[in-house]
Peer 1: 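Could you have a look at this structure, given as structure tokens, before my questions?
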Protein chains: 2
Amino acid sequence: MATGTRRAQRRTEALSRERIVEAAVELLDAAGESGLTFRVLTERLATGPGAIYWHVANKRELLVAATDAVVADALAARSTGSPREEVHAVALGLFSAIDAHPWLAAQLLLQLSRSPGGPVTPRILESLGRRVRALGVPEEHWFTATSVLMHYVLGAAGQNAANSQVAEPDADRAEFLAATAQAWEALDPEEYETTRLMASQMREHNDREQFLAGIDLVLAGVAALYPGGRA
Amino acid sequence: MATGTRRAQRRTEALSRERIVEAAVELLDAAGESGLTFRVLTERLATGPGAIYWHVANKRELLVAATDAVVADALAARSTGSPREEVHAVALGLFSAIDAHPWLAAQLLLQLSRSPGGPVTPRILESLGRRVRALGVPEEHWFTATSVLMHYVLGAAGQNAANSQVAEPDADRAEFLAATAQAWEALDPEEYETTRLMASQMREHNDREQFLAGIDLVLAGVAALYPGGRA
DNA sequence: ACCTGAACACCGTTCAAGT
DNA sequence: ACCTGAACACCGTTCAAGT
């Protein structure tokens, strides 16, 4: 079940940027961002650091490439349906990818703000923006509507992923949620009245259904501001 | 204008957690997250690393404390007005704080997902959640509506902050936006048709007005789903 | 109780040298 | 063109020792 420690085996294949990125994703999946190290990567690929640096400029670029590879894969499936259904499909695709690769959320949020010229931002903007167009939003508001959608999708999916990130996917996930809810309920009743009341709501939250409720809230706003569209 | 290099001067005051956090914020403001180092911090405070570790458990805790201090300050002002106006005020307060402390965005996003039991998440949830309540949203939907609002506010503000982060606030900001827009316009016309069309929209975007347009989109969704509220 | 500072284990990155 | 591996500068953190 665990990714295990395979090393120095397939020395037959030559090193390539692709194989490096593939190994990077495996390391990230297995141990999170701190698990990706040139030392470990070097051992896994049975080479020296210089070999990796010949194919990749630096660690930042490697993280961008790993992120882009996973996102491209997550957005590859072409859905067909009403614009609303397609938005759901794209959002769930990203949700699932982040759930399967918990390190992805932080990388996406960082790269979105730090290097919007990189490959990842356009990929996500295009997938969502196309459906926003199809909803009948006027062109000058595409960017606003798409931005709201994108930030919610990534933020909420990231929050969800944190829950499964701890350890085993099932037992600890509920435990993590319960611990968070408890922390909120222990807050000062006067200063944090609303948060305390939201805690119970939060305890059984964070699955796909709750996630889509947020999407539909945004879509309701779109429909209200731009009537005549076809959701 | 620059924060400059003051060091080893005020040795009179004793070391305290407060002074350490204060110095940490200064270093983060001056040089971003990579500028906060125990070596530099140690020099600035004219002590050894052991002294800092006596007041603070580790670097993560120091970042949480620095983030919390800045956010608490940003949310301190009590606004009065319609729920919609108050949501605007809270959102702009966070927007301004992130603009003034560009490292804040990444920290908020990380802490939101990695440690929602920490002090920062409840602070933001409470500020926004209280106004969501006032909008007339039924209790079982407070969390959804507040989440959408929160993720958009932090995501969009973070994206905006990246623009001023580069160097000088004025000249380079427009330059950064233009470079991003150009990168998008250079994309493949078939695969990225919508992103290319959004590029021009994006070029003069990212100020307060555009930011608030996203907020109003969410509020329109709230009003549509829960009529009878008073925005 | 609070601080000192040398030491430890580790990191990303470079670069002369090989093939 | 592609790879090796020792070395460099730096990091967060620890801990015996001081006051």
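The chains referred to below are lettered A, B, ... by the order of the sequence lines, with proteins before strands, and numbering in each begins at 1. Only heavy atoms go into these numbers, but all of them, side chains included; no hydrogens, no water, no symmetry mates. These numbers were taken from a predicted model, which means no experiment stands behind them.
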Peer 1: Roughly how many Å is it from NE2 in His55(B) to C1' in dA1(C), rounded to a whole number?
Peer 2: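 One finds 9 Å between C1' of dA1(C) and NE2 of His55(B), rounded.
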Peer 1: Between dC3(C) atom C1' and Ile52(B) atom CD1, what is the distance in whole Å?
Peer 2: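 Taking CD1 of Ile52(B) and C1' of dC3(C), I get 11 Å after rounding.
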Peer 1: Who are the ring-ring contact (aromatic ring centres under 6.0 Å, His included) partners of Tyr192(B), not counting sequence neighbours?
Peer 2: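 None.
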Peer 1: Please identify each residue that fulfils salt bridge (Lys or Arg N to Asp or Glu O under 4.0 Å) with Arg196(B), with sequence neighbours left out.
Peer 2: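 Once residues adjacent in sequence are excluded, Arg196(B) has no partner under the salt bridge (Lys or Arg N to Asp or Glu O under 4.0 Å) criterion.
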Peer 1: State the dot-bracket string of DNA chain D. Criteria: Watson-Crick or G-U wobble, both atom distances under 3.5 angstrom; notation: ( ) intrastrand, [ ] crossing earlier pairs, | interstrand, . unpaired.
Peer 2: ||.|||||...|||||.||
Peer 1: Summarise protein proximity over nucleotides 14-19 of chain C in one line of letters, 5' to 3': B for base, S for sugar-phosphate only, - for none, counting protein heavy atoms closer than 4.0 Å.
Peer 2: BB----
Peer 1: Name all residues meeting the salt bridge (Lys or Arg N to Asp or Glu O under 4.0 Å) criterion together with Glu18(B); count only those two or more places apart in sequence or in a different chain, and write none if there are none.
Peer 2: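 Once residues adjacent in sequence are excluded, Glu18(B) has no partner under the salt bridge (Lys or Arg N to Asp or Glu O under 4.0 Å) criterion.
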Peer 1: Just verifying a value: how many Å separate Arg114(A) CZ and Gln107(A) CD, rounded to the nearest 0.5 Å?
Peer 2: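 If we round to the nearest 0.5 Å, Arg114(A):CZ and Gln107(A):CD are 9.0 Å apart.
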Peer 1: Listed by chain and number, what are the side chain to side chain donor-acceptor pair (under 3.5 Å) partners of Ser127(A), not counting sequence neighbours?
Peer 2: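 With neighbours one apart ignored, the set is empty.
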Peer 1: Quick one: salt bridge (Lys or Arg N to Asp or Glu O under 4.0 Å) pairs with a partner in residues 53-64 of chain B, sequence neighbours left out?
Peer 2: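 Listed by first then second residue: Arg17(B)-Glu61(B).
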Peer 1: Between Leu15(B) (CG) and dC3(C) (P), how many Å, whole number?
Peer 2: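 Roughly 5 Å, once rounded to whole Å.
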Peer 1: Sequence neighbours left out, what passes salt bridge (Lys or Arg N to Asp or Glu O under 4.0 Å) with Arg203(B)? Give chain and number order.
Peer 2: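 Result, salt bridge (Lys or Arg N to Asp or Glu O under 4.0 Å) vs Arg203(B): Glu185(B).
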Peer 1: Round to the nearest Å and state the distance from Leu41(B) atom CG to dG12(D) atom C1'.
Peer 2: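 The distance from CG of Leu41(B) to C1' of dG12(D) comes to 12 Å, rounded to the nearest Å.
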Peer 1: Which residue pairs satisfy the salt bridge (Lys or Arg N to Asp or Glu O under 4.0 Å) criterion with at least one member in residues 63-76 of chain A, sequence neighbours excluded?
Peer 2: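 Every salt bridge (Lys or Arg N to Asp or Glu O under 4.0 Å) pair that includes a residue of residues 63-76 of chain A, provided the two are not neighbours, is Asp68(A)-Arg123(A).
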Peer 1: For Thr67(B), check side chain to side chain donor-acceptor pair (under 3.5 Å) against everything at least two apart and list the hits.
Peer 2: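 Partners of Thr67(B) by the side chain to side chain donor-acceptor pair (under 3.5 Å) criterion, ordered by chain and then number, come out as Gln111(B).
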Peer 1: What ring-ring contact (aromatic ring centres under 6.0 Å, His included) pairs are there with at least one residue in residues 22-75 of chain A, not counting sequence neighbours?
Peer 2: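 Of all non-adjacent pairs touching residues 22-75 of chain A, those that pass ring-ring contact (aromatic ring centres under 6.0 Å, His included) are Phe38(A)-Tyr53(A).
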Peer 1: Which whole number of Å gives the distance between the C1' atom of dC10(D) and that of dA9(C)?
Peer 2: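 13 Å, rounded to whole Å.
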Peer 1: Restricting both atoms to N or O, compile the protein contacts to nucleotides 9-11 of chain D shorter than 3.5 Å, with distance only.
Peer 2:
residue	atom	partner	partner atom	Å
dC11(D)	OP1	Thr37(B)	OG1	3.4
dC11(D)	N4	Arg39(B)	NH2	2.9

